[in-house]
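Quick notes on the structure that follows.
Lettering follows sequence order; numbering is per chain, from 1. Since the model is a prediction, treat every value here as computed from it, not as a measurement.
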2 protein chains.
Amino acid sequence: MLNRGSGVTLWRQIEQILRREIAGGGVIPGGRLGTEHELAHRFSVNRHTVRQAIAGLREAGLVDVTQGRGIHVAESPLEYPISRRTRFSENLGRQHRTPGGRLIEAVVVSASVIVAEALEIAPGQQVHKLKTVGEADGRPVSVVERHFPAGRFPDMADRYRETGSVTAALAAHGCTDYERRVSRVTARLPDAEDADLLGLSRRRPVLVVESVNADRDGLPVEHAVARFVGDRVQLVFEPGNDLG
Amino acid sequence: MLNRGSGVTLWRQIEQILRREIAGGGVIPGGRLGTEHELAHRFSVNRHTVRQAIAGLREAGLVDVTQGRGIHVAESPLEYPISRRTRFSENLGRQHRTPGGRLIEAVVVSASVIVAEALEIAPGQQVHKLKTVGEADGRPVSVVERHFPAGRFPDMADRYRETGSVTAALAAHGCTDYERRVSRVTARLPDAEDADLLGLSRRRPVLVVESVNADRDGLPVEHAVARFVGDRVQLVFEPGNDLG
DNA sequence: ACGTATTTGTTCGTATGTATC
DNA sequence: GGATACATACGAACAAATACG
């Protein structure tokens with residue numbers, strides 16, 4: 001398999017072989033490349049030699065190496081463009097990923113201080129709370145919790161259930177256009193429920209995006225808090241997009 | 001201290017007292033509120049009663065409760081506005097925080113594939129690599145790793161050392177204006193070095209922002225990867241800002 | 001919450017080949 | 001050829017993170 005004394009070091013030969021296997025699709029993204037021990041056995045070399053080869057792949061961003069987990073072929077992150085016209089659910093279609101979503105919860109509650117402030121209503125007012133899980137390729141990528149003023153959008157939950165779309169449900173209430181005002185981004189570890197919904201270990205971070213959408217008149221329409229799987233999602237902010 | 005049988009439950013009284021202490025600045029943000037045990041002793045109540053009071057504070061976002069760490073008064077997150085004209089180092093001045101930074105490393109290396117692509121130069125070309133730690137109120141909040149094409153900015157490292165400012169160093173090379181093209185945001189756990197520089201546990205996530213700055217002619221000037229302390233920083237994207 | 005197995009990360013030490021002066 | 005430095009390769013042991021029951 002390997003060529004000792006050929007003028008090419010063993011680790012570079014191994015790196016090349018693995019590169020070809022990854023490029024050729026021999027191992028699917030997210031799949032295991034095998035443990036260092038296995039690879040060392042396979043190529044009949046020392047573990048250190050394998051490690052040097054892997055270091056090259058890691059440098060090139062072709063694999064993810066995690067202590068205790070193993071060596072995995074890197075997945076191209078889900079790009080999630082965010083601009084004035086971002087619609088959370090309708091965002092993944094462009095990337096040849098099959099989007100999807102399911103409703104977790106739809107209730108009417110009284111607005112917390114934060115929500116009330118964002119929606120510019122009085123605290124304690126009734127708001128619709130919708131919680132959905134967004135999926136790509138059948139795997140969950142986001143948990144979104146939205147709040148809508150119940151006064152202006154009385155049938156929000158029903159309309160959403162009928163159409164499966166926030167945009168459509170808002171349109172059914174006469175709000176045909178809206179755009180994103182601010183996005184606030186933080187990172188933290190998921191709580192038990194989010195970890196469960198996202199199929200995530202509690203040790204792996206989530207990206208938290210808090211946003212407010214407002215209609216043409218500048219009146220807030222929706223307050224949303226989305227949690228994304230941190231290392232599978234890349235939020236892309238492109239100022240230029242906002243102008244279009 | 002407390003009023004038993006007054007018609008107000010003990011836990012609500014405790015909650016109110018703690019609220020006032022926090023609001024009045026009796027405990028500084030980030031400081032410990034005391035353990036549940038201590039509080040129970042102080043108010044002469046059962047630990048469960050304290051827990052119920054704390055639950056209210058937690059709900060209101062006034063405290064952070066972490067298993068094994070204790071109860072800490074929530075720090076208002078550092079707001080970090082990001083727009084076309086974002087300058088990493090000059091961003092914190094507005095919030096009454098004393099900004100600062102220190103240079104960790106300044107070397108010339110050959111560009112990796114990723115950097116070369118972002119800067120639109122050939123891979124392997126020489127680039128300046130500057131690594132700095134940004135601080136607010138004496139505490140580190142960000143690690144920024146920047147790359148500049150050495151061909152166009154030959155004295156980048158020296159100019160930066162002289163001025164302590166990227167903007168000034170670029171200006172010294174005749175590049176007086178530039179703006180942010182894209183920002184890509186992910187979250188992950190810090191590696192050992194970042195955790196060390198940020199004074200962070202390796203279990204607490206960092207926000208990773210990759211960005212490209214380009215000059216008036218659209219020519220890329222800088223490729224930067226910034227790591228922020230995830231739960232102390234809030235990135236704020238406001239489309240409206242880009243127009244100003 | 002806890003232990004156990006798995007897996008990568010790190011650090012010793014040793015031997016060998018290769019390039020340079 | 002001799003001396004030196006450096007990268008390559010192997011071996012063993014331990015540390016640290018993760019997954020799983």
Phosphate contact (D/dA19 OP1 or OP2) by A/R69 side-chain N/O below 4.0 Å:
yes
side-chain N/O A/Q52 vs D/dT8 OP1/OP2, d < 4.0 Å:
yes
For atom CG of A/N46 and atom P of D/dA9, their distance in whole Å:
10 Å
Provide the closest heavy-atom pair for A/Q13 versus A/S6 in the form atom of the first, atom of the second, distance.
NE2-OG, 3.6 Å
For B/H223 and B/H147, take the angle between the two ring planes, folded into 0 to 90°, and tell me which bin it lands in: parallel under 30, tilted 30 to 60, perpendicular over 60.
tilted
Would you say the side chain of A/R47 and the base of C/dT10 hold a donor-acceptor pair, judged only by whether the two atoms sit under 3.5 Å apart?
yes
Between C/dT11 (P) and A/R51 (CZ): distance, integer Å
11 Å
Round to the nearest Å and state the distance from A/I54 atom CD1 to D/dA9 atom C1'.
16 Å
In whole Å, I'd like the distance from the CG atom of A/L200 to the P atom of D/dT18.
12 Å
D/dA9 P sits how many Å from A/E15 CD, rounded?
12 Å
Round to the nearest Å and state the distance from A/F43 atom CZ to D/dA9 atom P.
13 Å
From C-beta outward on A/R203, which listed nucleotide comes closest to its side chain: D/dT18, C/dT8, D/dC10?
D/dT18
Check: C/dT8 base within 3.5 Å donor-acceptor of A/H37 side chain
no
Measure the distance from CD on A/Q67 to P on C/dA5 and round it to the nearest whole Å.
18 Å
Only one of A/R204, A/R227, A/R202 passes salt bridge (charged side-chain N to carboxylate O under 4.0 Å, His left out) with A/D194; say which it is.
A/R227
Does A/R202 have a side-chain nitrogen or oxygen under 4.0 Å from the phosphate oxygens OP1 or OP2 of D/dT18?
no
Side chain to side chain contact (heavy atoms under 4.5 Å, CB included), that's the test. Do A/I104 and A/R102 meet it? Break it down for me.
CA-CA 6 Å; A/I104 303 296; A/R102 67 195 165 88; 3.5 Å; yes
Just to be sure I understand the rule, does A/R204 reach a base, reach only the sugar-phosphate, or reach nothing, if contact means heavy atoms closer than 4.0 Å?
nothing
Quick one: are B/L39 and B/I54 in side-chain contact, heavy atoms under 4.5 Å?
yes
Length of the CG-P vector between A/L10 and D/dA9, whole Å
4 Å
With a non-hydrogen cut-off below 4.0 angstrom, is A/R32 in contact with a base, only sugar-phosphate, or nothing?
sugar-phosphate
Shortest side-chain distance from A/T35, nucleotide among C/dT8, D/dA9, C/dG9
C/dT8
Given D/dA19, D/dT18, D/dT8, which nucleotide is nearest the side-chain atoms of A/S201?
D/dA19
Of all the choices, D/dG11, C/dT8, D/dA9, which nucleotide is nearest to the side chain of A/T49 once you look at every atom?
D/dA9
